[in-house]
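Encoded as structure tokens, the structure appears first; notes follow it.
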2 protein chains.
Amino acid sequence: MSKYIVADDHPLFRNAICQVLKTIEETPDIVEAQDMASLQTKLTDHPDADLVLLDLHMPGAHGFSALAYVKGQSPELPVLVVSANEKPEIMQRAVEFGSKGFLPKSSGIEDIQTAIKSALQGEVWLPDSAGEQTPASKDECKLMKGIASLTPQQYLVLTMLAEGLLNKQIAYELDVTEATIKAHMTAIFRKLSVRSRTQAVLAISKLNLESPQNIES
Amino acid sequence: MSKYIVADDHPLFRNAICQVLKTIEETPDIVEAQDMASLQTKLTDHPDADLVLLDLHMPGAHGFSALAYVKGQSPELPVLVVSANEKPEIMQRAVEFGSKGFLPKSSGIEDIQTAIKSALQGEVWLPDSAGEQTPASKDECKLMKGIASLTPQQYLVLTMLAEGLLNKQIAYELDVTEATIKAHMTAIFRKLSVRSRTQAVLAISKLNLESPQNIES
DNA sequence: ATTTTCATTAGACATTAGTCGTACAGGCCC
DNA sequence: GGGCCTGTACGACTAATGTCTAATGAAAAT
């Protein structure tokens, strides 16, 4: 029997995924998470999980940074990215950043089954609509590694930074002093190789949807 | 005879566009710009231009903010957006934000001719690959209006902010005091309806590639 | 059991960012 | 010309940001 963690903020969609899981095996062990905070808890509570089905657009998730964070917390745990996004570049990026595949939400049941089985066996599955080449980028990979090295608390602070909040506001939300947030910021900047909150925001926004159309004459 | 402003940072591609223009009329009046700074100059020097062919990925341009800026400087001047980007959402956004069409760089000569002729007649042309609906977003439109209302100097400061530069660095580059840059920042924040440089960066990064995949169950 | 490592927490201090009031030059209307 | 608006520019002041040092506690290594 396999244990799955289903991370998606839509109850209906989580349910749909669970239904498919039951077609794969009779009594799957399913853990659900509806945001990054609960996902983090589930990851530590269930270190024996076999697969994470991860939506990149949950509350607290910012594009690929969510994937990087999960890979950083549980490097050995296979992750299958699920998203409404259909763009080939996004699919390729997901795999490049450590995902065992990419599942568009428009996928049919058979594709979902195939993708999950592949991921469990350590293989990568992509829909036919995904293109061929994987351009890769030094800076992006470095950034992904940086995000993966963040602690849970630091990742949380980063997402709140990405909401445009002030240090003071973040401190209030997390019930710590502003000085603590500043210390986290400094640590985050170092790990992401940036020098200010402005550059940090720029870095992760590039990560979200940057298409590699920079290959120019 | 019509006067064109061709704004693209690739000399080869500018040349190619010029060749096509010559097939439309015998002696087109062509003005070229290779970055946003020179484009700004050309706009003021040639207020009698009939059409701008604008690449969204020039130095100094940040996605749609470049389009917004041009529309703000010369509201009556038709703009035809040229880009390597092929995504339907991007094409729709371009039109929604005031462009007279969208020309993928992979277009054939006939399409380019058609698009230019349409634009000159005030009509909108889109390639077949562009989808149907135009979702639109209140916030995005408001933001575009804000960018369009920026003065040239303010736009310049905004682009440098989007490079992750400090006020001090921007001041040095523009050869003014830091106090001046701060004043510009405050003005920019007001026009973009944000309260800090962090939020300003977030706002324009959303504008660049935000796909309306937020229509959720 | 002890050491080591590291996340988390903060206070003191220095730097950067942002607001306000103001000044000056050019364009425009009357 | 004399007002009037606007873009640009600046200094002074306040708020926010970032660095450094250091203490605590918890987990991992020895």
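Letters go in sequence order (proteins before strands), and every chain restarts at 1. Since the structure is predicted, the reported quantities are computational estimates derived from the model, not experimental observations.
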Original post:
Can you list every pair that meets salt bridge (charged side-chain N to carboxylate O under 4.0 Å, His left out) and has a residue in residues 41-54 of chain A, with sequence neighbours left out?
Top reply: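 Pairs touching residues 41-54 of chain A that pass the test: A:K3-A:D48.
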Subject >> Residues that A:E32 engages under salt bridge (Lys or Arg N to Asp or Glu O under 4.0 Å), provided they are two or more places apart >> reply: A:R14
**OP:** Return the set of residues passing salt bridge (Lys or Arg N to Asp or Glu O under 4.0 Å) with B:D175 (not counting sequence neighbours), or none when no residue passes.
**Re:**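 Testing B:D175 for salt bridge (Lys or Arg N to Asp or Glu O under 4.0 Å), a comparison that skips the adjacent residues, returns none.
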Going by heavy atoms in the side chains, are [X] and [Y] under 4.5 Å from each other?
X      : Y      : answer
B:K100 : B:S118 : no
A:L158 : A:L161 : yes
A:E163 : A:H62  : yes
A:Y4   : A:I116 : yes

**OP:** Quick one: closest heavy-atom pair of A:A203 and A:V194, and the distance?
**Re:**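 Result for this residue pair: CB-CG1, 4.4 Å.
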Original post:
Just the endpoints, please: which first and last nucleotides of DNA chain D, 5' to 3', lie under 4.0 Å from a heavy atom of chain A?
Top reply: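 For DNA chain D, the relevant span reads D:dA16 to D:dC20.
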Original post:
Using the C1' atoms of the five pairs at each end, what is the angle between the end axes of the helix from C:dA1-D:dT30 to C:dC30-D:dG1, to 10°?
Top reply: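 Computed from the C1' atoms at both ends, the axes differ by 30°.
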Subject >> Qualifying residue for ring pair (Phe, Tyr, Trp, His ring centres under 6.0 Å) with B:Y69, from B:F97, B:F64, B:Y155 >> reply: B:Y155
**OP:** Would you check, one step at a time, whether the test side-chain hydrogen bond (donor to acceptor under 3.5 Å, both in side chains) holds for A:T41 with A:S38?
**Re:** CA-CA 5 Å; A:T41 309; A:S38 62; over 6 Å; no
Original post:
If the sugar-phosphate is the primed atoms plus P, OP1 and OP2 and the base is the rest, what is the B/S/- string for nucleotides 7-18 of chain C, using protein heavy atoms under 4.0 Å?
Top reply: SSBBB----SBB
